[in-house]
Amino acid sequence: KLTKTFLKEWLSKYKNADELKAAAGEFYKGKKIVVDFPSPNTAKQMHVGHLRPMVIGEAVQRLLRFCGADVICDNHIGDWGTNFGILIYGIKTENYDLEKPSANPLEDLEKLYKLGSAKAKESPEAANAAREELVKLQNGDAQNTALWEKITDISKEAFEKMYKLMSVTIDVTLGESFYRDKVERIYKELTETGLAEESLGALVVFLKDHDRFKDQPFIIRKSDGASNYASTDLATVLYRTEHFKAQEIIYVTDARQQDHFQQLFLTTQKWFAAKGYPLPDLRHVWFGTILGEDGKAIKTKSGEPVRLSALIDEAVARARRIVDEKSPDMPEAEREKISKVVGVAALKYADLSQNRTGDYTFAWDKLLAFDGNTAPYLLYAAARMHSIFRKAGISPDEDFSEAAGELETEQELALARKLAALPAVFEMALAEFRPHYLCTYLFELAGIFSAFYNADKVIVDDPAVKARRLMLCSRTLRILEAGLRLLAIEPLEKM
RNA sequence: GGGGGCGUAGCUCAGUGGAUAGAGCAGCGGUUUUCUAAACCGUUGGUCGCAGGUUCGAGUCCUGCCUCCCCCGCCA
């Protein structure tokens with residue numbers, strides 16, 4: 001039971017995001033953490049499958065930073081592998097000019113890959129030619145290297161646009177190609193320490209004291225001698241430990257990779273222990289699948305993954321229709337800006353508000369519903385708070401605590417109690433990196449505020465009542481906005 | 001066969017061993033001369049997949065079973 005005095009003191013103490021951050025900074029105080037996300041593959045357009053790693057990863061990294069961690073967001077792109085042989089083969093057989101301007105170069109590359117892939121399936125000659133292109137690339141052939149670099153540039157440029165649109169933070173981009181020359185050391189050290197062994201021509205790790213992984217191999221070098229996901233991931237752990245001095249590494253990927261990361265973590269533990277390397281905390285923050293109405297992973301009618309850009313366009317268009325309907329008097333430019341913010345925010349929030357370990361059903365109506373536990377509801381609540389201060393001609397940054405009288409009404413107390421509950425929310429959201437706890441809190445906060453807003457008028461004659469209600473509005477606004485920003489949603493002042 | 005996840009109101013989902021299991025949507029009924037009605041208030045709706053067990057107390061922990069989704073040697 002929190003007394004009125006305690007609540008008043010709490011509200012007087014934590015006035016804005018900076019003060020909350022200073023207090024929250026104790027949680028992770030200076031801890032060096034690498035967050036691995038969203039890590040897409042190059043030469044492909046982003047699709048609906050990239051939504052979750054982007055929004056969950058970004059929310060997690062922002063929460064960590066807010067709580068005092070020293071974070072590096074490392075975008076571990078898939079820019080190396082067997083598929084480049086087929087792609088280069090496709091580019092060459094079609095005489096495609098990568099320098100030629102195109103409305104959607106990534107879409108062109110996808111088509112070329114499909115073409116090359118189809119040909120390689122049809123004829124052994126084509127399959128061989130594709131393999132040769134790969135070997136040439138791997139051996140540093142000038143022409144193929146130039147093509148590969150251009151493909152990477154085109155991909156990165158397209159990704160940058162998406163990151164900007166989605167407010168995704170990238171500190172470094174060290175993809176799989178970066179670790180090309182770093183895998184030899186992995187083979188050597190894992191063999192030396194007796195962890196890796198030859199099996200069916202491949203180099204594999206069997207974790208002998210593990211019920212399952214004693215028989216299920218962790219393949220770290222393929223039988224053709226090439227590296228794979230496991231090799232580069234091992235090299236990456238080492239690099240992050242040695243170069244970044246990472247104390248914790250967080251991988252944000254889908255649930256299907258759980259076995260991979262368990263094997264990676266267990267192997268790393270044994271390997272680092274044998275070599276005396278400092279072992280960072282290794283965490284796999286995994287998430288479920290976005291399902292279609294049929295209960296299967298979402299696809300378009302033709303069976304293709306839904307483009308992320310198409311999803312965003314649709315969200316913004318739907319937001320626009322609502323803005324036009326609700327605020328017809330607003331200037332065109334402002335309606336456009338609000339639609340963009342609301343549409344993207346709705347898309348992100350629909351994902352973040354779900355417990356990440358479950359699958360969830362995608363439905364346009366639900367994803368873009370502006371009722372209930374959604375971004376528009378929260379944004380609207382914040383906009384109304386701003387409106388109060390605008391109408392009153394007072395800044396929300398003023399300190400109202402001196403003039404504020406004791407909290408009185410049921411709604412005032414409910415709001416104050418909810419505000420003071422914030423620290424527990426951080427604890428919960430961070431314990432297992434589940435941003436939906438923060439979403440639930442913000443939704444409840446906005447709901448209690450709305451009830452308060454309806455029941456207790458803020459701009460009243462009594463100066464003590466007015467001051468304490470303005471104080472409540474100011475604190476609610478600052479916490480709501482800070483919370484939205486942690487979810488990478490930029491609040492609006494009007495809508 | 002082994003492993004992971006899911007199963008809670010008509011639908012979509014929350015739920016930290018603790019009180020009479022919650023929200024949104026849908027349904028029904030209200031609220032506006034008053035700071036933005038994208039709001040608020042009230043109300044209908046539950047064998048928490050099934051069966052045992054532990055506990056003063058289980059949606060939550062343990063065991064077994066069932067449905068569905070996913071993973072399990074050269075993709076990432």
Enquirer: Has the side chain of A:Asp74 got a donor or acceptor atom that lies under 3.5 Å from a matching backbone atom of A:Asp36?
Expert: no
Enquirer: Between B:C72, B:A39, B:G73, spot the one nearest the side chain of A:Tyr380, thanks.
Expert: B:A39
Enquirer: Remember a base hit wins even if backbone is also touched, and classify A:Met385 as base, sugar-phosphate or nothing at under 4.0 Å, heavy atoms.
Expert: nothing
Enquirer: Which distance, rounded to the nearest 0.5 Å, do you find between the OG1 of A:Thr42 and the CZ of A:Phe84?
Expert: 3.0 Å
Enquirer: Going 5' to 3' through nucleotides 12-23 of chain B, assign each nucleotide B (protein heavy atom under 4.0 Å from a base atom), S (under 4.0 Å only from sugar-phosphate atoms) or - (no protein heavy atom that close).
Expert: SSSSB------S
Enquirer: Once you round it to whole Å, what is the distance between P of B:C35 and CG of A:Asn454?
Expert: 11 Å
Enquirer: Could you give the CG-to-C1' distance, from A:Leu472 to B:C35, as a whole number of Å?
Expert: 15 Å
Enquirer: Rounded to whole angstrom, note down the C1' distance from B:C50 over to B:C13.
Expert: 23 Å
Enquirer: Whole-Å distance between B:U31 C1' and A:Tyr453 OH?
Expert: 15 Å
Enquirer: Is a side-chain donor or acceptor of A:Ser474 paired with a backbone partner of A:Leu470 at a separation under 3.5 angstrom?
Expert: no
Enquirer: Starting at atom CD of A:Gln263, determine the distance to atom C1' of B:C72, rounded to an integer number of angstrom.
Expert: 9 Å
Enquirer: Below the 4.0 Å mark, does B:C70 have OP1 or OP2 next to a side-chain nitrogen or oxygen of A:Lys296?
Expert: no
Enquirer: Which listed nucleotide (B:C72, B:A39, B:C35) is nearest to the side chain of A:Asp259?
Expert: B:C72
Enquirer: Should the ring pair A:Phe426 and A:Phe66 be called parallel, tilted or perpendicular, given that the plane angle runs from 0 to 90° and is split at 30 and 60?
Expert: parallel
Enquirer: So what does A:Lys391 touch, heavy atoms closer than 4.0 Å: a base, only the sugar-phosphate, or nothing?
Expert: sugar-phosphate
Enquirer: Expressed as a whole number of angstroms, how long is the span from A:Lys494:NZ to B:A38:P?
Expert: 16 Å
Enquirer: Within the 4.0 Å heavy-atom criterion, would you say A:Phe389 contacts the bases, only the backbone, or no part of the nucleic acid?
Expert: nothing
Enquirer: Would you sketch RNA chain B in dot-bracket for me? Only Watson-Crick or G-U wobble pairs with both distances under 3.5 Å count, crossing pairs as [ ], other-strand pairs as |, the rest as dots.
Expert: (((((.(..((((....[...)))).(((((.......))))).....(((((..]....)))))).)))))....
Enquirer: Is the distance between the ring centroids of A:Phe443 and A:Tyr377 under 6.0 Å?
Expert: yes
Enquirer: Listing time: all N or O pairs from protein to nucleotides 74-76 of chain B that are below 3.5 Å?
Expert:
residue	atom	partner	partner atom	Å
B:C74	O2	A:Ser223	N	2.8
B:C74	N3	A:Ser223	OG	3.2
B:C74	N4	A:Leu200	O	3.0
B:C75	OP2	A:Lys222	NZ	2.9
B:A76	OP2	A:Tyr229	N	3.2
B:A76	O3'	A:Glu176	OE1	3.4
B:A76	O3'	A:Glu176	OE2	2.4

Enquirer: Is A:Val460 touching bases, backbone alone, or none of the nucleic acid, heavy atoms closer than 4.0 Å?
Expert: nothing
Enquirer: If we take the C1' atom in both B:A21 and B:G15, what is their distance in whole Å?
Expert: 8 Å
Enquirer: Mind checking if A:Asp329 touches a base, just sugar-phosphate, or nothing, with heavy atoms under 4.0 Å?
Expert: nothing
Enquirer: Below 30° counts as parallel, above 60° as perpendicular, anything between as tilted: where do the rings of A:Phe389 and A:Phe400 land?
Expert: tilted
Enquirer: Check the side chains of A:Asn373 and A:Tyr349 for a donor-acceptor pair under 3.5 angstrom, ignoring hydrogens and angles.
Expert: yes
Enquirer: Quick check for you: to the nearest 0.5 Å, what is the distance between A:Gln258 atom CD and A:Thr253 atom OG1?
Expert: 8.0 Å
Enquirer: With a sphere of 6.0 Å drawn around NZ of A:Lys418, does it hold more than 12 non-hydrogen atoms of other residues, nucleotides or ligands?
Expert: yes
Enquirer: Report yes if the side chains of A:Lys337 and A:Leu492 come closer than 4.5 Å at any heavy-atom pair, otherwise no.
Expert: yes
Enquirer: Using modelled atom types and a 3.5 Å cut-off, is there a donor and acceptor pairing between side-chain atoms of A:Arg335 and backbone atoms of A:Met330?
Expert: yes
Enquirer: Taking B:U31 as the reference, what is the distance to B:C66 when you measure between their C1' atoms (whole Å, please)?
Expert: 49 Å
Enquirer: Give the rounded distance in Å between these two atoms: CD1 of A:Ile388 and P of B:U34.
Expert: 15 Å
Enquirer: Between A:Arg212 and A:Ile322, which residue's closest nucleotide on RNA chain B lies nearer the 5′ terminus?
Expert: A:Arg212
Enquirer: A:Ala431 near the nucleic acid: base, sugar-phosphate alone, or nothing, with a heavy-atom cut-off under 4.0 Å?
Expert: nothing
Enquirer: Among B:U36, B:G73, B:G24, find the nucleotide with the atom closest to the side chain of A:Pro217.
Expert: B:G73
Enquirer: Could you give the distance separating B:C61 and B:G4 at their P atoms, to the nearest angstrom?
Expert: 14 Å
Enquirer: Rounded to the Å, how far apart are A:His284 NE2 and B:G4 P?
Expert: 15 Å
Enquirer: Just the rounded figure in Å: distance from C1' of B:G73 to CD of A:Gln216.
Expert: 9 Å
Enquirer: Would you say A:Arg384 reaches B:A37's phosphate, i.e. side-chain N/O to OP1/OP2 under 4.0 Å?
Expert: yes
Enquirer: Using the C1' atom on both, measure B:A37 against B:C70 and round to a whole Å.
Expert: 44 Å
Enquirer: Determine the interatomic distance between P on B:C11 and the same-named atom on B:G27; round to the nearest Å.
Expert: 16 Å
Enquirer: Any idea how A:Tyr239 and A:Phe178 line up, ring-wise: parallel (<30°), tilted (30 to 60°), or perpendicular (>60°)?
Expert: perpendicular
Enquirer: Hey, what's the ring geometry for A:Tyr251 with A:Phe265, parallel, tilted or perpendicular (30° and 60° as the breaks)?
Expert: tilted
Enquirer: Say you pick atom P in B:C68 and the same atom in B:U60; how far apart are they, in whole Å?
Expert: 23 Å
Enquirer: Taking the same atom, P, in B:U36 and in B:G18, what whole-Å distance lies between them?
Expert: 41 Å
Enquirer: Is it the case that A:Arg384 places NZ or CZ above or below the six-membered ring of A:Tyr453, under 6.0 angstrom from the centre and within 45 degrees of the axis?
Expert: yes
